[in-house]
Amino acid sequence: MTKHPDQAMTQSDNVTSPLIAFRNVGKQFIVKGEPLQAVHGIDLDVYEGEILTLVGPSGCGKSTLLNMAAGLFAPTEGEVFYRGSQVQPYNPAVGYMTQSDHLLPWRDVIGNIAIPLEIKGLSKSEISRRVEELMETVGLGGFGKSYPNQLSGGMRKRCALARLLAYDPETLLMDEPFAALDALLRMRMQIEIRDLCRRLNKTVMFVTHDLDEAVAIGDRCAVFTGRPGSIERIVDVPLAPDRNILHLRKDPDYRAITADLWEVLAPSIEQEL
Amino acid sequence: MTKHPDQAMTQSDNVTSPLIAFRNVGKQFIVKGEPLQAVHGIDLDVYEGEILTLVGPSGCGKSTLLNMAAGLFAPTEGEVFYRGSQVQPYNPAVGYMTQSDHLLPWRDVIGNIAIPLEIKGLSKSEISRRVEELMETVGLGGFGKSYPNQLSGGMRKRCALARLLAYDPETLLMDEPFAALDALLRMRMQIEIRDLCRRLNKTVMFVTHDLDEAVAIGDRCAVFTGRPGSIERIVDVPLAPDRNILHLRKDPDYRAITADLWEVLAPSIEQEL
Amino acid sequence: ADRVNFAMPSIGMLYLPVYVAEQMGYFADADIDANLQVFKAGGGTSMAAVLGGDMDVYIGSTSAALRAASQDTNAVIIGALMTQYASNVVMRGEFAKEKGLTESSTVEERLAALEGALIGVTGAGSGTHQLALYMLNEAGLDPERDATVVFVGGGSEILAAFSRDRIDAFTLSNPTSDTAIAQYNGFLLFNTAAGQLPALDGHLYISVNTRQQWIDENPEVAKRMMSAIQRAQVAMHDPAQTEAIRDKVYEAYFPKVEKSLFDQAWTAVLPAYPTSPHISREQMERVVTFLDTFSERKLDGLDIDAAYTNDMLEPATN
Amino acid sequence: MESLTKTRIWTYRVAFLAFVLISWELASGRIASEFFISRPSAIAEQFFAWVMSGTIFYHGAITLLQAVGGFLLGSVIGMCFGVWLGRAQLVAEVLDPFIMMFYSLPKVALAPLFVLWFGIGIDMKIYLTATIVFFLVFLNTYTGVRAVSREQVAILRLMGATERHVLFKVVLPSAITWVFTGLRLSVPYALIGSIVGELIASNRGLGYLLANSAGQFDTTGVFAALIGIMIMAFFLNATVKLLEIKSMPWRETNSSREMSI
Amino acid sequence: MESLTKTRIWTYRVAFLAFVLISWELASGRIASEFFISRPSAIAEQFFAWVMSGTIFYHGAITLLQAVGGFLLGSVIGMCFGVWLGRAQLVAEVLDPFIMMFYSLPKVALAPLFVLWFGIGIDMKIYLTATIVFFLVFLNTYTGVRAVSREQVAILRLMGATERHVLFKVVLPSAITWVFTGLRLSVPYALIGSIVGELIASNRGLGYLLANSAGQFDTTGVFAALIGIMIMAFFLNATVKLLEIKSMPWRETNSSREMSI
Ligand SMILES: Nc1ncnc2c1ncn2[C@@H]1O[C@H](COP(=O)(O)OP(=O)(O)OP(=O)(O)O)[C@@H](O)[C@H]1O
Ligand SMILES: Nc1ncnc2c1ncn2[C@@H]1O[C@H](COP(=O)(O)OP(=O)(O)OP(=O)(O)O)[C@@H](O)[C@H]1O
Ligand SMILES: [Mg+2]
Ligand SMILES: [Mg+2]
C-alpha cells in the first residue's frame, strides 16, 4: 500500500484518531434557485482498516457524504477531515466506485480497467497482466474487448469495480457496488472485499440498501434517517473480523443484528406487523 | 385498462393461451466480429394477469429476453409471440422500465413523467394532475422541478417507475426496478405493484437479483443458468395471490421457497456450507 | 536575365503592350524575365504588393498610384501605358430607342440620355465608376437622384445583368462592350477608346507604376523594361506588324474569345495606346482634377512632381 | 458573485481592446505605413462622422436586413435538411458527396449565375447568404441528429411515440447544442455573405461602403466600414447566444449546479 | 449485405448525377444561354483536354498544396485553441466576442493587409486558408470540449490524473465527434480559401485558371475549373471521413451493434 506523501502523518496520527472525520457536516444544494438541505449535522469517524457500511432511505444523502469524502465538493456547514487535514478537491487517497458506473464508452473493458494503471505510468506488459488478473477476479474473463454498451448492467458494475481495484487506493468509497449482481456473485464479491481489507488494511465506506449485506460486510453500520439526512444510530457489528460470510445466513448473532437494523430503519413497518 | 385494438384477440385467445410466448428462442450478438451467444433454447410462457419473476446470474440474458419481448430486436433463433402474433419492432402493448433509467436530461421530473401522457395526447391539466399523483405514489413529492442529474440514484429509478406507471400499459417489463431503493421503500413499491396487477389485471415480467423479492412479488419464478443463458427451472410460488408482503418474512412457506431457490441458483455455495 | 514581377488587376485589353512585349520577345531582348501575376483583388492590393516589395511593377490605373503617393508611400509613376479612357459606354438598344438616340446623335444628346438610367459599373471607386459619375456630372445630372449607379462586378456579371435587362447601360472596356453590342442588342453610347468624350481625350488611364526604391536600386532594369514596352507600343501601331502581333497575343492570352470579336476589339482599342510612355505634367494635373471632382477624399497631400518621372525613358523620345 | 464575474469579464475585454488599439495606434506610421493600416483615431473619427451623418445607419440597415434574411432562410432550410437527412440515412449517404462538392465551390465564381438568376437586388444577396449559411447549419444539425441516443429514441417509441413525437421530444432537444453551434458558426458568415453579395452588385450597404473606400484607396474608410460590420457581428452573436441560453434551461442548471457522481 | 448497400448507394449517386447532368445539358441553350451556363458535354471535353495536357494537374497540385497546408495549419491551431479555451472558461469568455468579430470580417477586404504581411506566394494563401479554417475548427472543438461530461473528468481526477491525462483520456476522445464535424466543415472552406487566395494574386492554381477563363468570358473553362475543385473536394472529404472512422472505432461498433436498453 503506497501512502501519498502529502497525506502522511500530518498530526496526532495515533491509532484512535480517525482516518476520515465528518464534523457537524451539512450540505445544501440549490435547485432552481431554491435551497435543498441534503444532509445536516453529520458527525462521523471512520477508522483506518475498518469497513463502515451506510444504510438509509433513498435520497437521504449517502452518496453526498461519499462525494464530500472524495473532495468533489465542500460541505456548506462543518468540515471533513482526512488524516487530520481538511479534504481538498479530488482527494487522491481515496478510490471511488460511484453509484452510476461512469465507464468511458470509447474504451473497451480492458481499456477502462487500464485507466488508473496508465495514470500510474505502469509498463504496457505490467498493465495487461494486472488487467487480466482483475477481469478474472470480477468474473469478466472473455469480455475484455466488449465496449460498455455491449455489457449487461451487472457486468458494467463489475468493470467499474475492477477499475477501482486497479487503482488500489488507501481508502475505498463504494456506492452500492453490488446492487446489480446476482446473489452468488455478490457473496463472492463480499468475501473478496473483506479479504482485501483485512490483508491490506484498507479502509472502506460502503453504501448499500441490503441490510444483510450491511451487516455481513461491515465492522460498523451507520443508519441514516430520511431527508434532510442525518445519522440516526451507528450500530457495531459484533461479528468476528475473520467471519465466514458463506456461513453467516445461519448465524443467530447475524440474524439478530439484521432484525435490529430493520427495526431502526423501518419502525413503521414493524409496527404494522 | 385500454387494449390496443390491433393487438386484441387475434386468434385462439382463451384463458390458457399465453400472453407472451418464447418458443425455442436464442440470441446471438456480434462483438468485435465474433459471435456471442447471449441466450439459447428459451421456452417460456407468460400468462395474462400473472407476475413472472426472472432471476439468474449476472450476464445470463434476462435483459436480453425483455428487450425481445419489447421488440427492440428479433431473436436469432426461434420466435417470440405476443397474443399469438410475432412481436414486431416496438411492441406498443408493453411498457418497459429498463435497467438504466434513460431519463431525458433536458426535462425535469415532471417533464419526464409527463412524456407518455403527452404522447397519449391528454390535456395539460389532466397531465399535471396525473403527474402529481404519480410523484406521490413513488415518493418524489416536492422534487418535480429537479433535473435528473440533481436526483439521487434511487430517486432516478423512482422517476422512471412513475413514467412507466404513467404509460399504463397492458404488460409491464421491469428490469431490476427496485434495486436502488431502500428496504422500506422497496417493500412499499412491491406492495404497490402487486396491488396494481391484481386490481387492473396487468401482466408483469420482473427481473431481480433479490431472491426474497422474486418470491415475494412473483406468481412464478424463472431461474436462469449462466452464459449462454437458458432456463434452469420455473418455480411456482404457492403463496396466496393476495398475500401480505409485509408479513411474509415470518411466513414459513415463503422461507422454504426462498431457500429452495437459493439451492437451485447457488448449489456450489450450498455445498460449501 | 533580370526578373521583373508585374502585378496586373485582370487579364484584359487594357494591358496589351505588356502582353505584346512578352510575346514578341521584347522583354527577352532587353534581358528581362517577365513574371505576370493577376491580382483580382484590385488596384489597392496590387499596389500593396508593389510597395511591400513582392512585386516590382503595377500595371494599372493611375489613380491607384496617385492615391498611394498622396499618403506617404513612395509610389511613383514611370510611364504611360494607355492614354485614353478606354471604358466604353454601352446602352440597351430599347432604352436608346426610347430616348431617341441614333448613330448620329451628338455628345450632348447622348449624355442627356443617361437620365433615369440604371448604370452598371464594375466596382465602387473603379475607373468605370468614375467615368459614370463624370458623364452624369457633364450632363448636369445628380448621380444620387437622376440616375442610379450600381456596382455589378466583373465582365461576366455585367453581361449577365445586361442580358436580363437588369441594367440600362454600363461602362466597360473591350471586348465586353463588343459582346454586349453583338449579342445583346447594345447601343454604343460612347467609344471612349477613340476619344469620343472630348474632355477625356488623352486621359492618362493606365500607367506603369512602381516604388521609388525599386528604380533607385534597379535603374538599368527599369529603363530596359520601359524601352521594351515602348517598343511594343510602337510595334502595335505599325500597320505592317499589327495583325501578326494581334494573332500572337490572341493565341497566348485570349484563345477562348471569339476571334472576330477580338479582332474588332483590337482595332477599337488600338487608338487608346500612345506610341511613347512619356508623361506630361499636364496629363498628371488632369488626372488629379478629374479625381477630385468626385471623391470625398481630395488628393491634397500629393506632390505631383514627386509622383511621376520620365527618367526611366530613353532621352531620345523626350 | 454572478455579476462580479460579469464585471471582471468586461474589464478584461476592455483592457484587451485598449491594448490592441494602442498597439495599433503606435504601430501606424512606424511599423507599417498609414496607407495600409490607417490609425484607430482616424478610423474613430471617420466612423463618428458616418454616425453623425447617418450614413452608417443607412448602409448598415441594408446589410443587416440581408444578413438576417439570409441567415433565417439558410438556417431554417439547413435545420430542416439536417433533421431530415439525419433521420433518413440512405438519402444522406447518397447526397453527402454532392452537398460537400457544391459547398466547395467558391461562391464568387458563381456570381454571374447568381446575377443571372436572382438579379442584382436585395433578394440576390439574401439567397447568396442563405446558400453559405445553409451548409454550416445543415452539417452541424445533421451530426447532432445522428448523435442522438438511440436508446432514448427506442424508449419513446415503446411508449407509442410517432415520428413527430420522437422529433420534438428527443431528437431536437438533444441535437440543440449542435444546432446552435451551427448557428453561431453562421453569424459571421451571414455577414460575410451579405457583404460579398454587395461587392458583387450594389450601390448601398456596408459592402458598398467598403468597396467605395477601397476603390478610393481610403484605408481609413475601409476600416471604419469594417468596424461597422464588427459591431453588427457582436450584436448578432449576442442575440444568438441569448437565444441559446433561453432554449436550453437545463444546460444552465448543468453548468451552475454542483456535480455529484 | 454491407457491400450490397454500398453498391446501392453508389447506384443512386450515379443516377442522381446523371439526372442533374442531363437536365443541365437540356436546359443549356433552351432555358438559359450557353454563354452563361455552358453545357456538360463541352465542359467534359474541356476538362479532358486539360487532363491530357496536364494543365489541370499542374494547377490542381498547387491549389491542393495550399488547401491542405492551410487546412492542417488552421485546424491544428484551431484544435489547440479550442481545447485550451474549452478548459479555460474565463479566457474564453473574454476572447469570445473578439474572435467572433474578427471572423465576421470579409477576408477579401483584408487582402491588402495579407499581401503586405505575407507577400503573394504560396505562404500567403496558406495563411489565408488557415485563417478561415481556424474558426470553424476552433468553435466546434471548443463546444465539444465544453460538452465533455464533468463526471467523467472528476472520476479521472480522483484517480490522480493530471491535466494531460484528463485531456488525452477523456476530453479529446469525447470531443472527437465535434472536432471532426469542424474538420468536415472546413474542407470546402480550405479549398475556397486557397482559391480566393489565388484570386487575390497568382499566376497558377485552379483559382488562376478560373479567373483566366472568366476574364475571357469562357464559361466552359470556368465550369471545368470548378469541376476540378469539386473533384478535389470529394477526395479531401473522403479522406477526412476515413480518418474519422479510423479515429473512432467505438462509434462504428455503436452504429452497427444491436442496441439493448
Ligand atoms: N447535484 C445535486 N444538485 C442538487 N441536488 C442534489 C444533487 N445531488 C444530490 N442532490 C439531492 O440531495 C439529496 C441526497 O442525494 P444523495 O444522492 O446523496 O442520496 P442517496 O442517499 O445517495 O440516495 P440513493 O440511495 O437513492 O442513492 C437528494 O434529495 C438529491 O435530490
Ligand atoms: N448490445 C449488445 N451487444 C453485444 N452483446 C450484448 C449486448 N447486450 C447484451 N450483450 C451480452 O449478452 C449477454 C446477456 O446480457 P444481458 O444484459 O441480457 O444480461 P442480464 O441477464 O440482464 O445481466 P445483468 O443481471 O447483469 O443485467 C451478456 O454477456 C452481454 O455481454
Ligand atoms: Mg446514492
Ligand atoms: Mg440486465
Side-chain angles (χ1 to χ4, degrees), chain A residues 29 31-32 34 36 38 55-64 98-100 108 139-140 142-143 145-147 150-158 175-176 178-188 209-212 224 226-227 244 246-247 249-250 259 261-262 265-266 268-269 272-273, chain B residues 29 31-32 34 36 38 55-64 98-101 108 139-140 142-143 145-147 150-158 175-176 178-188 209-212 224 226-227 244 246-247 249-250 261-262 265-266 268-269 272-273:
Chain A
F29 289 105
V31 175
K32 285 241 172 128
E34 278 166 35
L36 185 145
V55 299
S58 167
C60 71
K62 305 178 294 296
S63 303
T64 303
T98 52
Q99 197 162 6
S100 327
D108 57 17
L140 275 180
F143 284 91
K145 300 215 157 155
S146 295
Y147 286 100
Q150 296 180 313
L151 298 177
S152 80
M155 288 156 87
R156 275 201 292 274
K157 277 273 185 189
R158 286 183 265 160
D175 203 344
E176 301 185 34
F178 307 147
L181 304 189
D182 60 277
L184 185 59
L185 194 59
R186 185 174 195 147
M187 202 168 271
R188 285 219 191 93
H209 282 306
D210 183 339
L211 299 185
D212 296 340
F224 282 70
R227 239 175 12 94
N244 185 337
L246 285 178
H247 295 78
R249 270 199 319 138
K250 298 193 172 147
L261 267 187
W262 251 109
L265 208 64
S268 53
I269 287 194
E272 288 183 49
L273 292 178
Chain B
F29 288 106
V31 175
K32 285 243 171 128
E34 279 166 35
L36 186 145
V55 300
S58 166
C60 72
K62 304 178 294 297
S63 302
T64 303
T98 52
Q99 197 162 5
S100 325
D101 48 63
D108 57 16
L140 277 180
F143 283 91
K145 300 215 157 156
S146 295
Y147 285 100
Q150 296 180 313
L151 297 177
S152 80
M155 287 155 87
R156 274 200 292 275
K157 278 274 184 190
R158 285 183 265 160
D175 202 344
E176 302 185 33
F178 307 148
L181 303 189
D182 61 276
L184 186 58
L185 195 58
R186 185 173 196 148
M187 202 167 270
R188 285 219 191 94
H209 281 306
D210 184 339
L211 300 185
D212 296 340
F224 282 70
R227 238 174 11 94
N244 186 336
L246 283 178
H247 293 78
R249 269 197 320 139
K250 297 189 174 152
L261 266 188
W262 252 109
L265 207 66
S268 55
I269 287 193
E272 288 183 52
L273 291 177

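Model, not experiment: these values are computed from the prediction. The chains referred to below are lettered A, B, ... by the order of the sequence lines, with proteins before strands, and numbering in each begins at 1.
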Original post:
Which one, A/Ala179, A/Gly56, A/Pro57, leads in non-hydrogen pairs under 4.5 Å with chain B?
Top reply: A/Pro57
Original post:
Heavy-atom distance under 4.5 Å to chain A: side chain of B/Thr64, backbone, both or neither?
Top reply: neither
Subject >> Among the listed options A/Leu151, A/Leu181, A/Asp175, the residue most often paired with chain B at heavy-atom distances under 4.5 Å >> reply: A/Leu181
Original post:
Quick one: what part of B/Asp108 sits under 4.5 Å from any heavy atom of chain A, side chain, backbone, both or neither?
Top reply: side chain
Subject >> A/Asp210 side, atom CG; B/His209 side, atom NE2 - distance, nearest 0.5 Å >> reply: 12.5 Å
Subject >> Heavy-atom closest pair, residues A/Lys145 and B/Lys32 >> reply: O-CG, 3.6 Å
Subject >> Structural part of B/Arg156 lying under 4.5 Å from a heavy atom of chain A >> reply: side chain
**OP:** In sequence, state the C-alpha distance, the side-chain angles, and the governing distance for B/Val31 and A/Phe143, and then conclude on side-chain contact (heavy atoms from CB on, under 4.5 Å).
**Re:** CA-CA 9 Å; B/Val31 175; A/Phe143 284 91; over 6 Å; no
Original post:
Side chain, backbone, both or neither: which part of B/Leu36 has an atom under 4.5 Å from a heavy atom of chain A?
Top reply: side chain
Original post:
Taking only residues two or more places apart in sequence or in another chain, which ones pass side-chain contact (heavy atoms from CB on, under 4.5 Å) with A/Ser152?
Top reply: A/Met155, B/Ser58
**OP:** Under 4.5 Å heavy-atom distance to chain A, tell me which part of B/Ser146 shows up: side chain, backbone, both or neither.
**Re:** both
Subject >> Which of B/Gly61, B/Gly59, B/Ala38, B/Ala180 touches chain A most, by non-hydrogen pairs under 4.5 Å >> reply: B/Ala180
